[in-house]
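Here is how names work: the chains are called A, B, and so on, in the same order as the sequence lines, proteins then strands, and each is numbered from 1. As the structure is a computational prediction, the values presented were derived from the model and not from experiment.
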Amino acid sequence: MDDQPRLMHSTHGVGMAGHPGLAQHMQDGTGGADGEGRKQDIGDILQQIMTITDQSLDEAQARKHALNCHRMKPALFNVLCEIKEKTVLSIRGAQEEEPPDAQLMRLDNMLLAEGVSGPEKGGGSAAAAAAAAAAGGGGSDNSVEHSDYRAKLSQIRQIYHTELEKYEQACNEFTTHVMNLLREQSRTRPISPKEIERMVGIIHRKFSSIQMQLKQSTCEAVMILRSRFLDARRKRRNFNKQATEILNEYFYSHLSNPYPSEEAKEELGKKCSITVSQVSNWFGNKRIRYKKNIGKFQEEANMYAAKTAATATNVSTHGSQANSPSTPNSPC
DNA sequence: GAGAATGATTTCTT
DNA sequence: AAGAAATCATTCTC
């Protein structure tokens with residue numbers, strides 16, 4: 001009770017000193033002359049506001065309505081909003097730090113690159129393709145591993161998207177809810193649209209930090225998956241005997257120029273169930289190793305020369321073209 | 001288990 | 001960009 005005059009006085013003081021809105025309202029009233037009467041008016045309103053909680057619900061409701069309809073209400077509301085705005089801003093100014101979204105961008109880029117976010121490319125990302133190409137080796141095993149990778153990646157993708165959607169939905173729902181609540185409350189307490197906007201911003205930041213966590217853990221999951229599959233690239237497996245045979249046959253039958261064309265590489269790759277780059281690797285290795293130690297490979301060279309010669313004879317005798325190399329034999 | 005063989009990767013050259 | 005050369009990392013063979 002003792003407080004109220006002080007409070008009224010101080011509010012009044014602020015209103016007069018710092019808030020032209022109320023001052024103006026107070027001055028351009030209908031009668032004009034008696035400032036004392038206006039002060040009394042505002043004092044009454046504040047008194048009513050302060051005591052509203054002591055009243056019964058019905059009384060309060062009626063009082064609330066009366067206050068809402070009061071001609072001074074908009075002015076008072078504006079003043080209170082301004083006071084609040086000033087105090088809140090001075091408090092917030094210090095604690096409001098803009099989180100660096102560089103990390104968020106990095107995460108987004110990575111998720112996009114890994115094919116987790118963004119359009120689905122038949123479940124296969126660049127990483128999956130790389131894993132497939134790198135794993136190479138025995139056809140069936142490789143494809144099993146590859147599909148395993150793809151399945152796991154799409155699982156991660158699916159979880160990521162459902163979670164993201166859930167967060168977005170929750171964020172929207174919560175924002176709408178809070179906005180409605182604040183709008184509703186702004187009828188009885190000083191909440192400016194600006195403040196509602198700021199509150200929405202805060203909610204969005206909170207939710208985006210949750211999203212960031214989701215993105216981070218998704219990235220981690222992809223990295224683990226990726227490392228499991230891509231680290232297996234060094235876990236090479238030797239080509240099967242038949243593939244090595246086919247490659248050697250080509251190599252020794254083209255010993256004078258062991259550089260298969262792109263088409264020849266593709267054909268060899270198909271025959272051996274390996275990729276074109278694996279064919280290139282094989283020929284690269286073979287050329288350099290042969291050149292380094294021709295003597296060591298002499299026996300092998302002779303063997304394949306005999307073999308291709310035999311095949312050629314067989315072909316010419318039977319008039320069949322099956323199994324013949326793409327280029328005529330040229331024994332060294 | 002040591003060393004050879006081999007497929008893949010990296011770096012340099014053409 | 002393709003290939004040579006060096007090197008790495010794994011697998012095979014003894």
Filtered N/O pairs between nucleotides 4-6 of chain B and protein, under 3.5 Å:
| unit_1 | atom_1 | unit_2 | atom_2 | d |
| --- | --- | --- | --- | --- |
| B/dA5 | OP2 | A/Lys296 | NZ | 3.4 |
| B/dT6 | O2 | A/Arg236 | NE | 3.0 |
| B/dT6 | O2 | A/Arg236 | NH2 | 2.5 |

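Counting only heavy atoms from C-beta on, A/Gln278 has its side chain closest to B/dA8 among C/dA5, B/dA8, C/dA6. In this structure, the nucleotide among C/dA4, C/dG3, B/dA8 sitting nearest to the side chain of A/Lys265 is C/dG3.
Rounded to whole Å, the distance from CG on A/Asn281 to P on C/dA9 is 16 Å. Rounded to whole Å, atom C1' of C/dA2 lies 10 Å from atom OH of A/Tyr259. Distance, A/Arg287 CZ to B/dT14 P: 17 Å, rounded to whole Å. A/Asn257 has its CG atom 16 Å from the P atom of C/dA2, to the nearest Å. Spacing between atom NZ of A/Lys241 and atom C1' of C/dT13 amounts to 14 Å, rounded to whole angstrom units. What separates CD1 of A/Ile274 from C1' of B/dG7 is a distance of 10 Å, to the nearest Å. Separating the CZ atom of A/Arg237 from the P atom of C/dC12 is a distance of 9 Å, rounded to the nearest angstrom. Atom pair A/Ile288:CD1 and C/dT7:P shows a separation of 12 Å (rounding to whole Å applied).
The shortest distance between the side-chain N/O atoms of A/Lys292 and the OP1/OP2 oxygens of C/dA4 is not below 4.0 Å.
Residue pairs that meet the salt bridge (Lys or Arg N to Asp or Glu O under 4.0 Å) test with at least one member in residues 300-312 of chain A, sequence neighbours left out, are A/Glu245-A/Lys307, A/Glu249-A/Lys307, A/Lys286-A/Glu300.
By the salt bridge (charged side-chain N to carboxylate O under 4.0 Å, His left out) test, A/Glu173 pairs with no residue at all, sequence neighbours left out. Remark: A/Glu163 pairs with A/Lys166 by the salt bridge (charged side-chain N to carboxylate O under 4.0 Å, His left out) rule, at least two apart or across chains. With sequence neighbours excluded, the residues satisfying side chain to side chain contact (heavy atoms under 4.5 Å, CB included) with A/Thr175 are A/Cys171, A/Met179, A/Val200, A/Ile203, A/His204. Residues satisfying the side chain to side chain contact (heavy atoms under 4.5 Å, CB included) criterion with A/Ile294, sequence neighbours excluded, are A/Tyr290, A/Gln298.
Using a 30° and 60° split on the angle between ring planes, A/Phe207 and A/Phe174 fall in the tilted class, from 30° to 60°.
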